[in-house]
Amino acid sequence: MEKVLITGAAGFLGSHLCDRFIKEGYAVIGMDNLITGNLKNIEHLFELEQFKFYNHDVSNFVHIPGDLKYILHFASPASPIDYLKIPIQTLKVSSLGTHNLLGLAKAKNARIIVASTSEVYGDPTVHPQTEGYWGNVNPVGPRGVYDEAKRFQEAITMAYNTFHGVETRMVRIFNTYGPRMRLNDGRVLPAFIGQALRGENITVFGDGSQTRSFCFVDDLVEGIYRLLLSDYDQPMNIGNPDEISILEFAEEIIKLTGTSQKIIFEDLPVNDPKQRQPEISKARSVLNWEPKIDRAEGLKITYDYFRSLSDEELYAKEHNNFSNYIKR
Ligand code: UDP
C-alpha cells in the first residue's frame, strides 16, 4: 500500500482528507499536536490497520519510517480568534513546519501539497481574486501571523521546487465549511449556527456588507485531490465563487435554523477583508474541477450534522481548552 502523511489530521480539513485517502486505498499516517484539532474527528479511523496517528508538532523535526508517496501539510490554526490566542505557533507551523515537511519530502522523494489560503491576498484590491494577484496584507495586523506565514510557506515551497526539484503543489483555500468544524473558533458559519442552537442573537460584525464565498468541504477535498495528482506546481485557488454578504448569510442561517433570535451588530475586527471571491478558471481548465454542492444543500448537511451531536459532543465542540498549549 502506498503511504500518505497528512498533517493537521485531527482538524476539520485534515480529517476529511484522511477519509478520502483511506477511501482511495492508501495507508494514511495522520499527524496532529491536538492544539486546535480533536481526535473525535478521526476516531472512526483508529480501528483501521491502514491508519496510524502520531501526536506530534511538525514545527519540530518530523521522522517517518519507510517510504512516503504524498505529504499533505494541513496543520495550522485557521481562524482569527486562534491567531490571537496562539500567534507564535501559527507562525511556526507554516514556516518551520513547512520547512521540516519539505525536507521530509526531499528525503523520501515524495510529492507534497501545502495548504495555502485566500489570506495571501489580504484585504484584496482585485476582485475576484486571481492567482496572479500579489495581495494586500498588513504584516503587523492581527492576521499578519497567519497571512505572512502562509506567504512564506509559498515562497519556501517554490524554492524547494526550483532548487531541490521537489514535486510541490500549493492550494489557496477560500472559506470552507461543513461537518466537523469547531463551534468556538470564531468563524462565521459555526458562530451563527452555534448561536442559533443556543438561542442567542446572531452577531454580524460591522454592517455585514463585507462578502465571502463559501465552499462545501467535499468540493474542496475533490479539488485538492485533483490538484495533488496533477502536474501543476503553481498556486491554485480552490473555492466556490458564489459570493454573499455576511448580512444576507446571517439571514440564510436564521431561515435554515428557524431561530427566533435577532441579528445584532458588533464591531468589525481589525483588517477584516471587505470582499472575497475566488477566480477559479485555472481549476476549471487544469483540473476540470468546479464546486458541485450549492450553499442551500451544503448548509443543510452542516446544520444536520451539528443538530445530530449529543449535548456532550456539542459542549466539546464549544470548549476547546487549548490544554496542550505551551507559550512558545
Ligand atoms: N463574522 C461575523 N460574525 C461572527 C463571526 C464572523 O459577522 O460572529 C464575519 C467576519 O467579520 C468576516 C466574516 O464573517 O467578515 C467571515 O469571518 P471568518 O472568521 O469566518 O473568516 P475570514 O474573515 O477569515 O474569512
Run Arg307 and Thr257 through side-chain contact (heavy atoms from CB on, under 4.5 Å) and show every step you take. CA-CA 10 Å; Arg307 265 198 313 188; Thr257 58; over 6 Å; no

Report the C-alpha distance between Leu102 and Ile156 in whole Å, list the side-chain angles of each, state the deciding distance to 0.1 Å, and finish with yes or no for side-chain contact (heavy atoms from CB on, under 4.5 Å). CA-CA 9 Å; Leu102 285 164; Ile156 193 171; 3.8 Å; yes

Hey, mind stepping through Val204 and Ile264 against side-chain contact (heavy atoms from CB on, under 4.5 Å) and telling me if it holds? CA-CA 6 Å; Val204 166; Ile264 55 168; over 6 Å; no

Can Asp242 and Arg295 be said to form a salt bridge (charged side-chain N to carboxylate O under 4.0 Å, His left out), step by step? CA-CA 8 Å; Asp242 186 6; Arg295 213 172 37 248; 3.3 Å; yes

side-chain contact (heavy atoms from CB on, under 4.5 Å), that's the test. Do Thr157 and Met170 meet it? Break it down for me. CA-CA 8 Å; Thr157 299; Met170 293 182 244; 4.0 Å; yes

Applying salt bridge (charged side-chain N to carboxylate O under 4.0 Å, His left out) to Glu297 and Lys300, what does each step give before you reach the verdict? CA-CA 5 Å; Glu297 187 183 354; Lys300 189 172 177 317; over 6 Å; no

Verdict with supporting geometry, Phe214 and Phe174, ring-ring contact (aromatic ring centres under 6.0 Å, His included): CA-CA 7 Å; Phe214 296 98; Phe174 284 66; over 10 Å; no

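There is no side-chain donor-acceptor pair under 3.5 Å between Arg143 and Asn138. Side-chain N/O atoms of Glu248 and Ser245 include a donor and acceptor closer than 3.5 Å. When only modelled atom types and interatomic distance are considered, Glu154 and Ser116 share a side-chain donor-acceptor pair under 3.5 Å. Glu243 and Gln277 are linked by a side-chain donor-acceptor pair at a separation below 3.5 angstrom, with hydrogens and angles left out of the test. Side-chain atoms of Asn237 and Tyr121 form a donor-acceptor pair, as typed in the model, at a separation below 3.5 Å. In this structure, a donor-acceptor pair under 3.5 Å is absent between the side chains of Asn136 and Asp123. A donor and an acceptor atom, one from each side chain of Thr98 and Gln153, are located under 3.5 Å apart. Counting only N and O atoms by type, the side chains of Thr203 and Gln195 include a donor and acceptor under 3.5 Å apart.
No continuous path of hydrophobic side-chain contacts links Phe152 to Val145 [ILVMFWY only; heavy atoms under 4.5 Å]. With hydrophobic clusters built from ILVMFWY side chains whose heavy atoms lie under 4.5 angstrom apart, Leu104 does not share a cluster with Ile6. Hydrophobic clustering keeps Leu96 apart from Tyr146 (ILVMFWY residues linked when any side-chain heavy atoms are closer than 4.5 Å, directly or through intermediates). Hydrophobic clustering (side-chain heavy atoms under 4.5 Å, transitive across Ile, Leu, Val, Met, Phe, Trp, Tyr) groups Phe46 together with Ile22. Hydrophobic clustering places Val221 together with Leu189 (ILVMFWY residues linked when any side-chain heavy atoms are closer than 4.5 Å, directly or through intermediates).
Taking OG1 from Thr36 and CD1 from Ile86, the interatomic distance works out to 5.5 Å, rounded to the nearest 0.5 Å. Note that CD1 of Ile35 and CG of Asp32 are 9.0 Å apart. Values are rounded to the nearest 0.5 Å. Asn33 CG to Thr7 OG1: the interatomic distance, rounded to the nearest 0.5 Å, is 10.0 Å. Distance check, rounded to the nearest 0.5 Å: CG of Leu268 to CZ of Phe205 gives 9.0 Å. The line from OH of Tyr177 to CD1 of Ile193 is 9.5 Å long, rounded to the nearest 0.5 Å. With rounding to the nearest 0.5 Å, the separation of CG in Leu183 from CZ in Phe306 is 4.5 Å.
Judged purely by atom type and a 3.5 angstrom limit, Ser76 has no side-chain atom pairing as donor or acceptor with the backbone of Ala78. The closest donor-acceptor contact from the side chain of Lys108 to the backbone of Ile64 lies under 3.5 Å. Side chain of Asn100 to main chain of Asn60: a donor-acceptor pair is present (N/O by atom type, distance under 3.5 Å, no hydrogens or angles).
The two residues Cys215 and Leu220 make their nearest non-hydrogen contact at SG-N, 3.9 Å. Nearest heavy-atom pair, Ile81 versus Gly186, reported as atom, atom and distance to 0.1 Å: CD1-CA, 3.5 Å. Residues Tyr54 and Pro65 share a closest heavy-atom pair of OH-CD, 3.8 Å. Across every non-hydrogen atom of Lys106 and Val166, the tightest pair is CB-CG2, 3.8 Å. Residues Ser308 and Glu313 approach most closely at O-OE1, 4.5 Å, considering heavy atoms. Summarising the geometry of Ala250 relative to Ile263, their closest heavy-atom pair is CB-CD1, 3.8 Å, with the distance given to 0.1 Å.
Counting heavy atoms from C-beta outward, Trp289 and Ile238 have side chains that approach closer than 4.5 Å. Here the side chains of Thr125 and Tyr133 are in contact, with some heavy-atom distance below 4.5 Å. Side chains of Asp294 and Phe216 form no contact here, defined as non-hydrogen atoms less than 4.5 Å apart. In this structure, the side chains of Ile244 and Glu252 come closer than 4.5 Å at one or more pairs of heavy atoms. Side-chain contact between Val114 and Arg169 is absent, with no heavy-atom pair separated by less than 4.5 Å. By the 4.5 Å heavy-atom criterion applied to side chains, Glu2 and Leu68 are not counted as neighbours. Within the 4.5 Å cutoff, no side-chain heavy atoms of Gln50 are placed close to those of Val28. Looking at Met31 and Ile71, their side chains never come closer than 4.5 Å, going by heavy atoms from C-beta outward.
For Asp304, the CG atom is densely surrounded, since the number of other residues' heavy atoms within 6.0 Å is greater than 12.
We find that Glu222 and Arg226 are joined by a salt bridge, their nearest charged nitrogen and carboxylate oxygen being less than 4.0 Å apart. Between Arg182 and Asp82 a salt bridge is recorded (basic side-chain N to carboxylate O distance below 4.0 Å). Here Asp272 pairs with Arg212 in a salt bridge; the nearest charged N to carboxylate O distance falls below 4.0 Å. Comment: Lys150 does not engage Glu119 in a salt bridge, judged by the lack of any side-chain N to carboxylate O separation of less than 4.0 angstrom. Under 4.0 Å is where a charged nitrogen must lie from a carboxylate oxygen, and between Glu148 and Arg151 at least one such pair does. Salt-bridge check for Glu131 with Arg172: failed, with every basic side-chain N at 4.0 Å or more from each acidic carboxylate O.
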Show me the side-chain donor-acceptor pairs of residues 9-19 shorter than 3.5 Å, one per line, residues at least two apart or across chains.
{"residue": "Ser15", "atom": "OG", "partner": "Gly11", "partner atom": "O", "Å": "2.8"}
{"residue": "Ser15", "atom": "OG", "partner": "Phe12", "partner atom": "O", "Å": "3.0"}
{"residue": "Ser15", "atom": "OG", "partner": "Arg180", "partner atom": "NH1", "Å": "3.0"}
{"residue": "His16", "atom": "NE2", "partner": "Pro179", "partner atom": "O", "Å": "2.9"}
{"residue": "Asp19", "atom": "OD1", "partner": "His44", "partner atom": "NE2", "Å": "2.8"}
{"residue": "Asp19", "atom": "OD2", "partner": "Arg180", "partner atom": "NH1", "Å": "3.1"}
{"residue": "Asp19", "atom": "OD2", "partner": "Arg180", "partner atom": "NH2", "Å": "2.8"}

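Note on ring orientation: taking the six-membered ring where Trp is involved, the planes of His99 and Tyr160 are perpendicular (angle over 60°, cut-offs 30° and 60°).
Under the 6.0 Å distance and 45° angle rule, Arg20 counts as a cation-pi partner of Tyr225.
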